[in-house]
A.B. asks: 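Please see the structure below; I have some questions.
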Amino acid sequence: MTEKVAVLGTGKIGEALLSGMIRGGWSPSDLLVTARRPERAEELRSRHGVEAVSNAEAAKSADTLILTVKPQDMGALLDELAPHIPADRLVISGAAGIPTSFFEARLAAGTPVVRVMTNTPALVDEAMSVISAGSHATEEHLAHTEAIFGGVGKTLRVPESQQDAATALSGSGPAYFYFLVEAMTDAGILLGLPRDKAHDLIVQAAIGAAVMLRDSDQHPVKLREAVTSPAGTTINAIRELESHGVRAALIAALEAARDRSRELASGNG
Ligand SMILES: NC(=O)C1=CN([C@@H]2O[C@H](COP(=O)(O)OP(=O)(O)OC[C@H]3O[C@@H](n4cnc5c(N)ncnc54)[C@H](O)[C@@H]3O)[C@@H](O)[C@H]2O)C=CC1
Ligand SMILES: O=C(O)[C@@H]1CCC=N1
């Protein structure tokens with residue numbers, strides 16, 4: 001019998017994962033989705049050829065349930081699902097902040113729960129999905145979760161105590177890079193470049209730097225030193241970044257994201 005996977009609350013992250021699973025070879029007939037609005041259900045049906053069902057129906061018929069609603073909506077979704085989920089089903093949460101104990105307290109005793117923090121580059125199969133086991137999840141459940149999320153990028157197992165930090169780094173991480181690109185493009189405008197050219201220059205610099213970071217085996221400090229010539233241009237820019245406290249700002253920003261993830265833990269946010 002083939003396995004059925006349901007994505008419940010299929011918004012941005014749910015759809016990114018769903019589309020990646022289909023690109024990776026899952027048959028749409030083995031996938032179910034749920035959505036709050038009928039128009040959204042129809043959109044998902046027509047875009048991906050999957051069946052859209054009610055939350056209760058997904059809970060009854062899927063072997064693996066992937067919950068991708070906002071943290072603040074998770075309590076209400078679980079109230080709706082709990083009476084219908086048999087205890088042997090794997091429940092995967094994609095929500096920021098909410099601990100596996102939140103799910104375990106609301107589902108049948110012994111339900112295996114896995115917490116995953118992925119990110120939007122799932123849309124281009126370059127996600128980072130950080131995975132932690134709840135108290136009833138086995139090696140098999142973790143391996144199964146890795147197989148699902150491995151289709152849209154890399155996976156990494158961490159103890160659940162590191163999930164809030166991982167959320168600050170990689171869950172939110174793409175936003176910081178988009179923010180930098182936006183700010184650097186503005187700088188290009190200030191320096192007199194047309195916006196489209198400034199954008200292209202910065203994006204290609206970002207891609208080149210990302211590939212070097214991933215593939216060169218060199219520490220980021222070494223890579224930066226190689227760009228920074230004595231009495232050259234780069235060191236003048238670095239001095240400005242340091243004097244404006246950009247390093248401290250990044251540390252404070254990620255700490256704030258980690259703290260917010262902790263605050264979301266109750267699900268009431
Ligand atoms: N957007 C991002 O970059 C990332 C988001 N996440 C997590 O993914 C989750 C979803 O985030 P997004 O996709 O950005 O939000 P979203 O708002 O695009 O998607 C959530 C969807 O859930 C639906 N929904 C809410 N309650 C429902 C219910 N009872 N039944 C059926 N559908 C319901 C909403 O209508 C919405 O379409 C959040 O928990 C967030 O923490 C995780 C990693 C990255
Ligand atoms: O901003 C958020 O809360 C979500 C979780 C990680 C990325 N986006």
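One-based numbering, in listed order, for ligands and for the atoms of each.
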A.B. asks: Okay, side chain of E160, backbone of T100: is any donor-acceptor separation there less than 3.5 Å?
C.D. replies: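 Confirmed, E160 side chain pairs with T100 backbone.
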
A.B. asks: Short check: is a protein heavy atom less than 4.0 Å from atom 7 (C) of ligand 2?
C.D. replies: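 Yes; the ligand atom in question has protein heavy-atom contact below 4.0 Å.
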
A.B. asks: When you measure from the side chain of E15 to the backbone of L123, do you find a donor-acceptor pair of N or O atoms at a distance under 3.5 Å?
C.D. replies: no

A.B. asks: If you scan the protein for heavy atoms around atom 4 (C) of ligand 2, do you find one that is closer than 4.0 Å?
C.D. replies: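 No; the ligand atom in question lacks any protein heavy-atom contact below 4.0 Å.
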
A.B. asks: Going by the atom numbers of ligand 2, which of them fall below 4.0 Å from some non-hydrogen atom of A96?
C.D. replies: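 Answer for ligand 2: 5 (C).
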
A.B. asks: So which protein residues pack against ligand 1 under 4.0 Å, heavy atoms counted?
C.D. replies: G9, G11, K12, I13, T34, A35, R36, N55, T68, V69, K70, P71, D73, L77, E80, G94, A95, A96, M117, T118, T120

A.B. asks: Using a side-chain heavy atom cutoff under 4.5 Å and only I, L, V, M, F, W and Y, what cluster partners does L193 have?
C.D. replies: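 Besides L193, the cluster holds L201.
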
A.B. asks: For the side chain of T185 and the backbone of V181, is there at least one donor-acceptor N/O pair under 3.5 Å apart?
C.D. replies: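 Judged by distance alone, yes, a pair lies under 3.5 Å.
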
A.B. asks: Return the CG to CZ distance between L18 and R47, rounded to the nearest 0.5 Å.
C.D. replies: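 Rounded to the nearest 0.5 Å, the CG-CZ separation comes out at 10.5 Å.
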
A.B. asks: May I ask you to list the atoms of ligand 2 that are less than 4.0 angstrom from any heavy atom of G171?
C.D. replies: 6 (C), 7 (C)

A.B. asks: Examine distances only and state if a side-chain atom of D63 and a backbone atom of E3 form a donor-acceptor pair shorter than 3.5 Å.
C.D. replies: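 No; zero donor-acceptor contacts below 3.5 Å.
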
A.B. asks: What protein heavy atom sits nearest atom 2 (C) of ligand 2, and how far off is it?
C.D. replies: S172 OG, 4.9 Å

A.B. asks: With I98, which of S261, P71, S266 fulfils side chain to side chain contact (heavy atoms under 4.5 Å, CB included)?
C.D. replies: P71

A.B. asks: Quick one: does L67's side chain get under 4.5 Å of M74's, heavy atoms only?
C.D. replies: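 Side-chain contact under 4.5 Å: yes.
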
